[in-house]
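Heavy atoms only: backbone and side chains are in, while hydrogens, waters and symmetry mates are out.
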Amino acid sequence: MSDRPTLVGALLRAAPPDRLPEVVADHLRRHYAAGRVEVLLGDLTLTGLWPLLELGGPAGNALAVRCFGSQRPLVDIAADANRAYLPLTVWGERLGVLVVQTTLPSGTGLTSDLSAVADELAVALRAADAVTDRYRRVIRRERLTMAAELQWELLPGRSLGDERFLVAGQLEPAYAVFGDHFDWTLADDRLTITVLNGAGDGLDAAVLTTVAVNAMRNARRSGADIVEQAELAGDAIHARYGGAAHAATLLLEIDLIGGHVAAVDAGSPRAVIARERDIQPVILEQQLPLGMFGETRYEIQRFRLEPADRLLVVSDGVHAATPGGRAPYGESALLTALRRTRLQPATEAVGTVMRGLREYHAGADPDDDAVTVCLDWRR
């Protein structure tokens with residue numbers, strides 16, 4: 001059976017981008033005696049798994065949810081048929097779960113083959129997302145605002161990782177976010193992360209953030225360091241808005257070999273490090289937000305991560321949230337939520353922190369949108 005996962009890769013590359021689930025289902029029925037096959041995708045908030053082949057409500061199967069959270073294959077053995085749950089993941093980003101019911105006997109070889117099929121499907125789904133709306137329609141459970149449409153289109157993904165690190169981010173409210181944003185890129189042994197908080201509301205804030213992110217990407221892709229990225233973005237924003245709008249931004253460049261971090265702190269996003277059972281704020285001297293003044297110059301500050309450290313970065317919609325006049329969420333409630341994530345991967349930890357923020361609001365609508373980014377350095 002070892003050549004069959006390779007075969008499905010070729011079939012997916014030849015298939016129309018909106019028919020990938022059907023191609024995989026047909027392949028599994030032909031070669032793995034599959035009965036029911038389902039492709040489940042995680043929604044924008046990653047709180048539900050939704051079917052592509054049998055459209056309906058979210059998948060309530062606890063094994064599918066556990067597979068998605070643990071990122072490990074699971075097999076439910078029954079007398080009539082076995083049901084395998086395989087994570088759909090590409091470069092550390094969780095897309096969903098492939099569910100395969102088969103009469104073949106379970107075993108390491110079968111699970112390995114089905115996992116390889118799931119990996120091929122995940123890569124194909126990620127590539128197809130740029131040229132078909134089928135999969136986005138499933139993961140959107142309500143209509144996005146125009147501002148949110150801009151922000152989600154601008155995101156690099158929701159997680160990224162390999163054997164060295166795992167980073168994950170989450171935006172809320174997912175369907176009406178406007179100015180908050182995160183970005184990241186990996187090059188050799190360096191991971192660059194930015195967290196932004198664009199001033200203003202609605203579409204105006206989203207457009208401002210779009211200018212800032214693309215200016216930093218333009219500089220970065222030309223070989224500029226994070227100081228030059230900040231300065232080019234600041235000049236671009238000031239040229240467009242004349243100082244009437246700005247973007248508070250934290251730029252980080254992380255050496256994935258030694259854990260050295262270079263930082264440009266240009267505003268309100270805050271960072272903390274969870275090290276074993278201790279949580280400490282990253283103390284940086286704040287510089288001017290991007291675009292507040294023309295030709296602003298920035299300086300790099302440095303700190304270091306240790307193996308197994310967790311770095312959490314949050315926008316002011318998280319750390320400065322004061323619902324009902326309560327103390328800011330970042331003073332103690334954020335640390336409590338972060339401690340709950342000790343045994344969770346970064347992909348689950350961001351959701352735990354955001355759920356804590358929602359609970360802190362006690363049902364009241366937040367005054368600001370929010371972004372959380374969590375990095376686990378595994379060295």
Side-chain angles (χ1 to χ4, degrees), residues 20-21 24-25 28 34-78 80-102 106 110-112 114-123 125-126 129 134-142 152 157-161 166-175 337-338 340-359 372 374 376:
L20 303 180
V24 164
L28 292 170
R36 179 175 179 268
V37 176
E38 186 54 89
V39 178
L40 305 171
L41 296 183
D43 59 25
L44 287 187
T45 61
L46 296 179
T47 56
L49 294 169
W50 299 80
L52 277 169
L53 293 172
E54 297 180 10
L55 296 180
N61 189 298
L63 288 179
V65 174
R66 195 195 314 170
C67 171
F68 186 71
S70 69
Q71 289 294 284
R72 295 179 181 176
L74 297 173
V75 179
D76 184 16
I77 300 175
D80 54 342
N82 299 319
R83 185 169 292 183
Y85 300 85
L86 301 313
L88 294 170
T89 308
V90 55
W91 298 308
E93 181 170 9
R94 302 180 301 167
L95 304 182
V97 175
L98 173 64
V99 184
V100 183
Q101 183 175 297
T102 176
S106 63
L110 177 62
T111 303
S112 177
L114 294 180
S115 294
V117 170
D119 289 344
E120 293 282 359
L121 176 57
V123 172
L125 286 170
R126 181 67 186 269
D129 190 57
R134 178 185 180 186
Y135 312 117
R136 295 197 187 202
R137 287 180 186 154
V138 169
I139 68 174
R140 298 176 179 205
R141 306 320 305 168
E142 58 186 88
W152 280 101
R158 287 179 287 181
S159 54
L160 175 70
L166 178 63
V167 63
Q170 188 163 327
L171 292 173
E172 288 198 5
Y175 297 91
L338 183 56
R340 291 195 212 119
T341 74
R342 191 167 60 89
L343 300 179
Q344 296 177 331
T347 45
E348 294 287 297
V350 289
T352 297
V353 171
M354 288 302 206
R355 282 192 298 275
L357 179 63
R358 289 195 296 271
E359 292 167 2
T372 296
C374 183
D376 289 342

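Considering every non-hydrogen atom in both Leu41 and Leu125, the closest pair reads CD2-CD1, 4.3 Å. In terms of heavy atoms, Glu93 sits closest to Ser159 at CA-OG, 2.9 Å. Closest non-hydrogen pair, Thr111 versus Pro73, comes out as CG2-CB, 3.9 Å. Shortest non-hydrogen contact noted between Ala168 and Val350 is O-CG1, 3.5 Å. What you find for Val39 and Pro21 is that their closest heavy atoms are CG2-CB, 4.0 Å. When every heavy atom of Leu49 is checked against every heavy atom of Ala64, the shortest pair comes out as CD1-O, 3.6 Å.
Distance check: Leu357 CG to Thr352 OG1 gives 12.5 Å after rounding to the nearest 0.5 Å. Annotation: the span from Asp76 atom CG to Asn61 atom CG amounts to 7.5 Å, rounded to 0.5 Å. We find the CG-CG distance between Leu74 and Leu86 to be 9.0 Å, quoted to the nearest 0.5 Å.
Phe68 has its side chain out of reach of Leu40: every pair of non-hydrogen atoms, C-beta onward, lies at least 4.5 Å apart. When side chains are defined from C-beta on, Leu52 counts as touching Arg134, because their heavy atoms get closer than 4.5 Å. Val117 places none of its side-chain heavy atoms less than 4.5 Å from the side chain of Val100. Considering only heavy atoms from C-beta on, Leu110 comes within 4.5 Å of Thr102 through its side chain. Arg140 is not listed as a side-chain neighbour of Trp50, based on a closest heavy-atom distance of 4.5 Å or more. Side-chain atoms of Leu166 and Pro345, non-hydrogen and from C-beta on, do get closer than 4.5 Å to each other. You'll find the side chain of Leu44 stays beyond 4.5 Å of the side chain of Leu171, heavy atoms only. Residues Leu114 and Leu28 have side chains in contact (heavy-atom distance under 4.5 Å, counting atoms from C-beta outward).
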- Task: Please test Tyr135 against Leu95 for side chain to side chain contact (heavy atoms under 4.5 Å, CB included), starting from the C-alpha separation and ending with a verdict.
- Result: CA-CA 10 Å; Tyr135 312 117; Leu95 304 182; over 6 Å; no
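Checked by atom type and distance alone, the side chain of Arg83 never pairs as donor or acceptor with a backbone atom of Arg36 at under 3.5 Å. Counting only distance, with no hydrogens or angles, the side chain of Tyr85 and the backbone of Arg66 share no donor-acceptor pair below 3.5 Å. Using a distance-only test at 3.5 Å, with no hydrogens or angles considered, a donor-acceptor pair links the side chain of Trp152 to the main chain of Ala174. Looking only at distances, no side-chain donor or acceptor of Thr372 sits under 3.5 Å from a matching main-chain atom of Gln170. At least one donor-acceptor pair under 3.5 Å links the side chain of Glu38 to the backbone N or O of Glu54. Between the side chain of Arg355 and the backbone N or O of Ala337 there is no donor-acceptor pair closer than 3.5 Å. In this structure, the side chain of Arg72 does not engage the main chain of Gly69 through any donor-acceptor pair within 3.5 Å.
Remark: Arg358 CZ is packed, more than 12 non-hydrogen atoms of other residues, nucleotides or ligands lying under 6.0 Å away.
Checked for salt-bridge contact, Arg94 and Glu348 meet the test: a charged N lies under 4.0 Å from a carboxylate O.
In this structure, the salt bridge (charged side-chain N to carboxylate O under 4.0 Å, His left out) partners of Asp376, at least two apart in sequence or on a different chain, are Arg310.
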